[in-house]
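What follows is a set of notes on a single structure, which appears directly below.
In what follows, every chain begins at residue 1, and chains take the letters A, B, ... in the order their sequences are listed. Just so it is clear, the model here is predicted, and its values are computed rather than measured.
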Amino acid sequence: MKATNLYAPTLRETPAEAELLSHKLMLRAGFIRKAAGGMYTYLPLAWRTMKKIMQIIREEMDAAGGQEIMMPITQPAEIWQESGRWAVYGPEMMRLKDRHGREFCLGPTHEEMVTTLISGEVRSYKQLPLMLYQIQNKYRDEIRPRFGLMRSREFVMKDLYSFDKDVDGMNISYKKMYDAYSNIFSRCGLKFRAVEADNGAIGGGHSHEFTVLAPSGESSIAFCENCDYAASDEKAELKIIFSEKEELKPLEKVLTPNCHTIELVKNFLNVPIEKTIKAVAFQDDDESLILAFVRGDHEVNEIKILNATGALHLHMAEESAINSVGGCAGFMSPIGLKDGAKIVVDQTVMEMYNAVAGANEVDTHFINVTPKRDFDAEKIIVADIRMVQEGDPCPHCGKKLKMTRGIEVGQVFTLGNKYSKSLNATFLDESGKEKFFEMGCYGIGVGRTMAAAIEQNNDDDGIIWNKNIAPFEVVIVPVNAKENSQLDYAEKIYSELKNFGVDVLLDDRKERAGVKFKDCDLIGYPIRVTVSPKTLENNSVEIKIRRTGEIFNFDREICVEKILELLKNE
RNA sequence: CGGGUUGUGGCUCAGUUUGGUAGAGCACCGUGUUCGGGACGCGGGGGUCGCAGGUUCAAAUCCUGUCAACCCGACCA
């Protein structure tokens with residue numbers, strides 16, 4: 001392709017709307033433009049990269065046994081009502097009505113669609129396993145779209161659904177997808193980790209998130225350098241921390257005026273933070289009260305609370321709800337509360353001795369609290385409900401965990417029969433018995449993968465693409481395209497490279513050299529070939545590697561061969 | 001939805017405090033010089049100052065309302 005025929009409006013200055021580096025670079029390099037909050041147009045450069053990512057995904061999905069289909073974006077309400085998610089999904093689902101007043105939604109995901117599709121048509125275990133996938137737009141009316149393509153309301157996603165006759169089969173499909181995902185992100189040139197993840201509201205068995213490592217990432221992961229354990233911060237399991245045993249002292253009430261935070265209590269009573277118990281009050285969707293207790297220096301993990309209590313969504317509790325069970329915000333403990341709240345205590349708290357906790361009265365705390373003695377075991381749920389912290393012991397090998405940030409670009413789930421059951425999708429097994437399909441679902445955010453690649457590979461001058469997903473692998477720049485001799489020389493190299501199947505751009509714009517060089521660096525083509533009066537004179541070309549800045553000069557005769565060779569390493 | 005910030009040519013922003021004929025740089029068009037790291041000169045086009053009301057002789061500027069975007073929290077590929 002020739003640059004005079006390429007719509008790539010680069011910007012000298014960064015539009016004020018962008019905060020995240022990848023977002024800024026995509027705007028500046030002429031990859032995307034915003035249409036509305038969380039809605040973007042992919043310009044030719046972005047779309048070329050996305051098509052390459054999608055092609056890699058297709059190849060790996062097909063190799064794993066997937067078959068591509070295309071389902072409607074617009075989905076009837078009925079199937080969502082049948083699965084029960086029409087009510088559950090909430091305002092995040094884009095809903096609309098047709099002219100007859102019938103209700104539809106723009107698909108945020110397609111479990112209902114695909115399950116309904118095969119339900120009744122796939123009747124025999126002999127037709128299984130089956131893996132169907134599609135790559136298309138998804139709609140989620142995010143509360144707050146931000147970071148460009150990282151969190152948008154309309155986004156391109158690959159979603160594959162697996163159907164198996166039993167759990168063993170499902171686990172095999174899961175493993176195939178896990179491996180395919182590893183291949184995909186490796187081929188995209190990304191540094192990533194597959195981390196154990198929580199299944200969230202979707203339910204089911206196990207799950208991994210594929211997380212591209214980047215400090216700007218929104219998700220936090222814990223990993224072990226000693227063994228291969230890695231998990232999202234929400235999922236990371238934690239063992240009990242046993243405090244040193246002490247002689248039990250009698251429970252005692254003390255005044256702690258205005259000490260409504262752990263920090264204030266700790267300083268006022270002059271005790272180490274590890275000897276304090278922190279309370280956090282939540283309410284579920286049905287407004288039922290959930291009180292969580294963790295050690296003062298620990299953070300509450302809301303996902304673990306959901307799992308421990310069976311709650312659906314948590315929000316911070318109203319003070320009135322806290323008061324209704326005899327609690328007092330800022331001074332809470334399980335001791336002496338009225339019935340009416342679910343009380344969840346972190347397992348580590350149960351191993352504390354002579355600690356400080358609220359007394360459920362204003363400006364008052366208990367000292368010498370020993371949960372095993374003082375908490376009513378009948379009324380509390382003891383569980384692992386704390387958030388992992390750097391330095392916590394690895395649940396597999398016990399060595400210290402490290403934390404890092406990342407961008408979640410894909411997730412694999414087993415669903416079990418959650419959807420086949422709710423949508424009544426069955427088949428006959430070997431013994432002629434009717435069974436529900438064992439399902440899995442597997443998503444990849446295509447735009448987010450592109451954004452993550454930029455987030456991970458850039459410098460002060462712009463983007464640095466891996467050749468497998470670069471909009472073009474090679475750019476040829478005649479420094480002065482007004483000189484026909486340079487342009488002719490460049491065109492010859494251009495067609496030779498094209499004949500070798502190289503995805504090459506000829507920057508034939510009649511711009512000054514500096515402008516073109518800046519654009520090349522900004523857009524981030526892996527290899528730049530420069531043609532100038534000097535190279536013409538020597539019958540050579542100059543090659544610059546974007547990632548390293550290395551410059552090579554090759555004779556004209558061997559330059560194509562050399563470019564092919566260099567390209568292999570990018 | 002709560003908290004914060006901002007809306008002025010395509011982009012970045014000044015002007016708003018103290019009302020008085022709408023500005024700069026970049027980009028764009030023409031032209032000449034220049035030509036390997038975002039050139040320079042000359043000439044030019046382009047803005048109902050987010051929108052709607054109000055106050056005033058007069059509103060980008062003051063008041064009321066409203067919309068949108070961005071940032072911080074709960075969601076997720």
Quiz item: Given the side-chain rings of A:Trp80 and A:Tyr89, with only the six-membered ring counted for Trp, is the space between their centroids under 6.0 Å?
Solution: yes
Quiz item: Among B:C76, B:G37, B:C35, which nucleotide sits nearest the side chain of A:Arg528?
Solution: B:G37
Self-check item: Rounded C1' spacing from B:A60 to B:A14 in Å
Solution: 12 Å
Practice problem: Using the C1' atom as the reference point in each nucleotide, state the distance between B:U21 and B:G25 in Å, no decimals. | Solution: 24 Å
Quiz item: Tell me: CE of A:Met177 to P of B:A77, nearest whole Å?
Solution: 17 Å
Practice problem: May I have the distance from A:Ile303 (atom CD1) to B:A74 (atom P), rounded to whole angstrom? | Solution: 11 Å
Quiz item: Just checking, any donor-acceptor pair under 3.5 angstrom between side chains of A:Ser83 and A:Glu112?
Solution: yes
Quiz item: Looking for any heavy atom pair under 4.0 Å, which part of the strands does A:Lys510 touch: base, sugar-phosphate only, or nothing?
Solution: nothing
Self-check item: A:Leu20 CG to B:C72 C1', straight-line distance once rounded to whole Å
Solution: 15 Å
Quiz item: Would the A:His208 and A:Tyr178 ring centres measure less than 6.0 Å apart?
Solution: yes
Practice problem: Under a 3.5 Å limit for both distances, which nucleotide forms a Watson-Crick or G-U wobble pair with B:C1, could you say? | Solution: B:G73
Quiz prompt | Comparing A:Ile143 and A:Pro533 on RNA chain B - which has the more 5′ nearest nucleotide | solution = A:Pro533
Quiz item: Salt bridge between A:Lys492 and A:Asp488, side-chain N to carboxylate O under 4.0 Å?
Solution: no
Exercise. Please determine if A:Arg386 and A:Glu299 form a salt bridge, counting it only when a charged side-chain N lies under 4.0 Å from a carboxylate O.
Key: no
Practice problem: Salt-bridge test for A:Glu542 and A:Lys534: reply yes if a basic N is under 4.0 Å from a carboxylate O, no otherwise. | Solution: no
Quiz item: Between A:Asp555 and A:Ser540, do the side chains contain an N or O donor and an N or O acceptor separated by less than 3.5 Å?
Solution: no
Quiz item: On a whole-Å scale, what distance lies between the P atoms belonging to B:U8 and B:G3?
Solution: 24 Å
Quiz item: Could you state the CE-P distance from A:Met157 to B:A77, rounded to the nearest angstrom?
Solution: 6 Å
Practice problem: Using the C1' atom on both, measure B:G4 against B:A59 and round to a whole Å. | Solution: 27 Å
All N/O pairs under 3.5 Å across the protein-nucleotides 27-31 of chain B interface:
residue	atom	partner	partner atom	Å
B:A27	OP1	A:Arg12	NH2	3.1

Quiz item: So what does A:Thr211 touch, heavy atoms closer than 4.0 Å: a base, only the sugar-phosphate, or nothing?
Solution: nothing
Quiz item: Partners of A:Phe472 by ring pair (Phe, Tyr, Trp, His ring centres under 6.0 Å), sequence neighbours excluded?
Solution: none
Quiz item: So what does A:Glu92 touch, heavy atoms closer than 4.0 Å: a base, only the sugar-phosphate, or nothing?
Solution: sugar-phosphate
Quiz item: Hey, would you say the A:Phe552 and A:Phe554 ring centroids sit under 6.0 Å apart?
Solution: yes
Quiz item: Over how many whole Å does the gap from A:Asp141 atom CG to B:C75 atom C1' extend?
Solution: 11 Å
Quiz prompt | Counterpart base for B:C42, defined by Watson-Crick or G-U wobble contacts under 3.5 Å | solution = B:G30
Self-check item: Sequence neighbours excluded - side-chain hydrogen bond (donor to acceptor under 3.5 Å, both in side chains) pairs with any residue from residues 443-456 of chain A
Solution: A:Ser22-A:Glu455, A:Ser216-A:Glu455
Practice problem: Using a heavy-atom cut-off of under 4.0 Å over every strand shown, decide if A:Glu302 touches base, sugar-phosphate, or nothing. | Solution: nothing
Quiz item: Under a 3.5 Å cut-off for both distances, is B:U61 Watson-Crick or wobble paired, and to whom?
Solution: none
Quiz item: With the threshold set at 4.0 Å, does a side-chain nitrogen-carboxylate oxygen contact exist between A:Glu142 and A:Arg151?
Solution: yes
Quiz item: Which residue lies toward the 5' end of RNA chain B, A:Ser219 or A:Asp521, if each is placed at its nearest nucleotide?
Solution: A:Asp521
Practice problem: Identify whether any heavy atom of A:Val409 sits under 4.0 Å from a base atom; if not, whether one sits that close to sugar-phosphate; answer base, sugar-phosphate or nothing. | Solution: sugar-phosphate
Please enumerate all protein N or O atoms sitting under 3.5 Å from an N or O of nucleotides 22-25 of chain B, with distances to 0.1 Å.
residue	atom	partner	partner atom	Å
B:G25	N2	A:Glu13	OE1	3.1

Exercise. Evaluate whether the aromatic ring of A:Phe155 and the six-membered ring of the B:A77 base sit under 5.5 Å apart, centre to centre, with an inclination under 30°.
Key: yes
Practice problem: Taking atom C1' in both B:C42 and B:A52, compute the distance separating them and give it to the nearest angstrom. | Solution: 44 Å
Quiz item: Salt bridge between A:Arg153 and A:Asp141, side-chain N to carboxylate O under 4.0 Å?
Solution: yes
Exercise. May I ask you to say what A:Leu522 touches in the nucleic acid, namely base, sugar-phosphate or nothing, with a heavy-atom cut-off under 4.0 Å?
Key: base
Practice problem: Between B:A74 and B:G20, how far apart are the P atoms? Round to whole Å, please. | Solution: 45 Å
Self-check item: All side chain to side chain donor-acceptor pair (under 3.5 Å) counterparts of A:Asn480, not counting sequence neighbours
Solution: none
Quiz item: Side chain of A:Thr10: nearest nucleotide among B:G36, B:C75, B:G38?
Solution: B:G38
Are there any protein N/O atoms within less than 3.5 Å of an N/O atom in nucleotides 68-70 of chain B, and if so, which ones and at what distance?
residue	atom	partner	partner atom	Å
B:A69	O3'	A:Lys34	NZ	2.9

Exercise. Mind checking A:Asp519 for me? I need base, sugar-phosphate or nothing, with any heavy atom below 4.0 Å counting as a touch.
Key: base
Quiz prompt | Among B:U34, B:G38, B:C76, the one nearest A:Arg140 by side-chain distance | solution = B:C76
Quiz prompt | Pair A:Asp159 + A:Lys138: basic N to acidic O under 4.0 Å | solution = yes
Exercise. Take atom CD1 of A:Ile551 and atom C1' of B:G37, then tell me their distance rounded to the nearest Å.
Key: 11 Å
Quiz prompt | Base-pairing mate for B:U21 - Watson-Crick or G-U, with both contacts under 3.5 Å | solution = none
Quiz item: Checking only heavy atoms, does the side chain of A:Lys544 share a donor-acceptor pair with the base of B:G36 at less than 3.5 Å?
Solution: no
Self-check item: Assigned partner base of B:G47, Watson-Crick or wobble definition, under 3.5 Å
Solution: none
Self-check item: Rounded P spacing from B:C70 to B:C49 in Å
Solution: 24 Å
Quiz item: With respect to A:Phe31, which candidate in A:Leu25, A:Ile463, A:Thr10, A:Leu43 satisfies the side chain to side chain contact (heavy atoms under 4.5 Å, CB included) definition?
Solution: A:Ile463
Practice problem: Please determine, for the side chain of A:Ser532, which listed nucleotide (B:G38, B:G36, B:C76) has the closest atom? | Solution: B:G36
Quiz item: Contact class for A:Arg33 vs. all strands (heavy atom < 4.0 Å): base, sugar-phosphate, or nothing?
Solution: nothing
Quiz item: Is there a Watson-Crick or G-U wobble partner for B:A68 with both distances under 3.5 Å, and if so, which one is it?
Solution: B:U6
Quiz item: If you measure from the C1' atom in B:G47 to the same atom in B:G30, how many Å do you get, rounded?
Solution: 22 Å
Quiz item: In whole Å, what is the span from the CZ atom of A:Arg512 to the P atom of B:U33?
Solution: 14 Å
Self-check item: Euclidean distance, atom CE of residue A:Met150 to atom C1' of B:C71 [Å, nearest integer]
Solution: 17 Å
Exercise. Have a look at A:Thr449 and say if it touches a base, only the backbone sugar-phosphate, or nothing, with a 4.0 Å heavy-atom cut-off.
Key: nothing
Quiz prompt | Residues A:Arg546 and A:Asp459 bridged, charged N to O under 4.0 Å | solution = yes
